[in-house]
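One structure below.
Computed from a predicted model, the values in this text were never measured in an experiment. Here is how names work: the chains are called A, B, and so on, in the same order as the sequence lines, proteins then strands, and each is numbered from 1.
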2 protein chains.
Amino acid sequence: MLAKSTEYAIRALVFIQLQNWQDKRTGVVEIAKEIEAPEAFTAKVLQTLTKHRIIASMKGRGGGFFFTETSDQMTLFQVIQVMEGESIFHKCGFGLKNCSDANPCPMHDKYRTIRDGFFAIAQSETIHSLSRKVSEGKAVLNRVSFLN
Amino acid sequence: MLAKSTEYAIRALVFIQLQNWQDKRTGVVEIAKEIEAPEAFTAKVLQTLTKHRIIASMKGRGGGFFFTETSDQMTLFQVIQVMEGESIFHKCGFGLKNCSDANPCPMHDKYRTIRDGFFAIAQSETIHSLSRKVSEGKAVLNRVSFLN
DNA sequence: TTATAAAAGGACAACAAGGTCTTTATATAA
DNA sequence: TTATATAAAGACCTTGTTGTCCTTTTATAA
């Protein structure tokens, strides 16, 4: 469903949020390790997120990535949009160029339900809401839940 | 969601079904044109489908692709499985290796609903059911509905 | 003011998916 | 039995995504 780079982005953002809640600023090395993604590639992903103001960054000693007031409450939709565009929310499941309610492909109705459902998730869930689940021990960010 | 090759496969199969219902056997050239896919690539897709007995084929003059009794009533799931495997129905939306009900990622519950919904469609819809919609004029296979 | 620790940026390598082309095998019709 | 129409097969090319590496910029601490 989502591109790998988008998955990395979301996982990274949740981790950054968790760190921020503990008044920590975190860098690529630590982030990549935590989300189990290649370091250099994670750096690229974070660069993209920073360029699009999903997060902010600081260079130099003690630098790293963090949320600002304006970048707070980012929805999944916004992140997905920045990472891979939003064609995923519009595309016909059958692959037709001009599929619509008026000119439907044979899967149109059922597939639209699924696609719209995914869109609803993307709109309602935020980095905040996901992070909260993790900090409450209701979900995990990587392999295993380390309740500490 | 689905790979392009899978989309081509499903569209091709529906067209083949429609042709079969008219007691016609159809070949790559016509199929590719109808489903608006590159000819050589469509040939590869059909080769895969034939190899996995989703359809049968005949070489030589008057040859082409067609359904047999045993290959009738193919579900979308079976087609998807042959074309791209079924990881799409199991994969975690967050990208976690070990995401499960017991060890859920922060999107687990909601994403699973979507994924399971898609699985239900794939299991319940068949090449038959899709083709019927087209032949009844309720859906189209390509750009526009040509009711003839 | 210099050394160091970080992100930013650019070039490119590896791999997968999508797509093309040419040759071979096989069935049918003339 | 020969010409033709078709699918099968294999080699290859193209593009997009994922991933790496090296250099540059910038902030901080000593």
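Ring centers of A:Tyr111 and A:Phe94: at least 6.0 Å apart, outside the cut-off.
Residues B:Phe65 and A:Gly62 both approach DNA chain D. Their nearest nucleotides, taken by heavy-atom distance, put B:Phe65 toward the 5′ side. Annotation: of the two residues near DNA chain C, A:Thr50 and B:Leu2, the 5′-most nearest-nucleotide partner is A:Thr50.
At least one side-chain nitrogen or oxygen of A:Ser57 sits closer than 4.0 Å to the OP1 or OP2 atom of C:dA8. Residue B:Tyr8 has no polar side-chain atom (N or O) positioned under 4.0 Å from OP1 or OP2 of C:dG18. Contact annotation: B:Gln47 side-chain N/O to D:dA7 OP1/OP2 distance is not under 4.0 Å.
Following rounding to the nearest Å, A:Lys59 (NZ) and D:dT26 (P) show an atom-to-atom distance of 5 Å. Atom CD1 of A:Ile35 is separated from atom C1' of D:dG19 by 14 Å (rounded to the nearest Å). Between A:Glu7 atom CD and D:dG19 atom C1' there is a gap of 15 Å when expressed in whole angstrom units. Rounded to an integer number of Å, the gap from CZ of A:Arg61 to C1' of C:dA5 is 6 Å. What separates CD of B:Gln19 from P of D:dT6 is a distance of 14 Å, to the nearest Å. In this structure, the CD1 atom of B:Ile88 is 13 Å from the P atom of C:dA17, given to the nearest Å. The interatomic distance linking A:Arg25 (CZ) with D:dA27 (P) rounds to 12 Å, in whole Å. When rounded to the nearest whole Å, the span between CG of A:Leu46 and C1' of D:dT18 equals 15 Å.
Closest approach to the B:Pro38 side chain among C:dT20, D:dA27, C:dT28 is made by C:dT20 (side chain taken as heavy atoms from C-beta onward). Distance from the side chain of B:Met58 is smallest to C:dA27 among C:dA7, C:dA27, D:dT20. When the nucleotides D:dA27, C:dT28, D:dT18 are ranked by their closest atom to the side chain of A:Ala3, D:dT18 comes out on top.
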Using the salt bridge (Lys or Arg N to Asp or Glu O under 4.0 Å) rule, take B:Glu30 and B:Arg25 through it: C-alpha gap first, then chi angles, then the decisive distance, then the call.
CA-CA 10 Å; B:Glu30 198 186 359; B:Arg25 182 178 295 167; over 6 Å; no

Determine whether B:Glu84 and B:Lys4 satisfy the following criterion, salt bridge (Lys or Arg N to Asp or Glu O under 4.0 Å), listing intermediate values before the conclusion.
CA-CA 10 Å; B:Glu84 58 179 281; B:Lys4 224 163 180 180; over 6 Å; no

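Side-chain contact of B:Gln47 with B:Thr50: a donor-acceptor pair under 3.5 Å is absent, judged by distance alone.
Taking the six-membered ring where the residue is Trp, A:Phe118 and A:Phe89 present parallel rings, their angle staying beneath 30° rather than reaching 60°.
Taking 3.5 Å as the limit, the base of C:dG10 and the side chain of A:Lys44 contain a donor-acceptor pair of atoms between them. You won't find any donor-acceptor pair under 3.5 Å spanning the side chain of A:Lys51 and the base of C:dG9, going by distance alone.
Contact annotation for A:Val29: no contact, since no heavy-atom pair falls under 4.0 Å across all strands.
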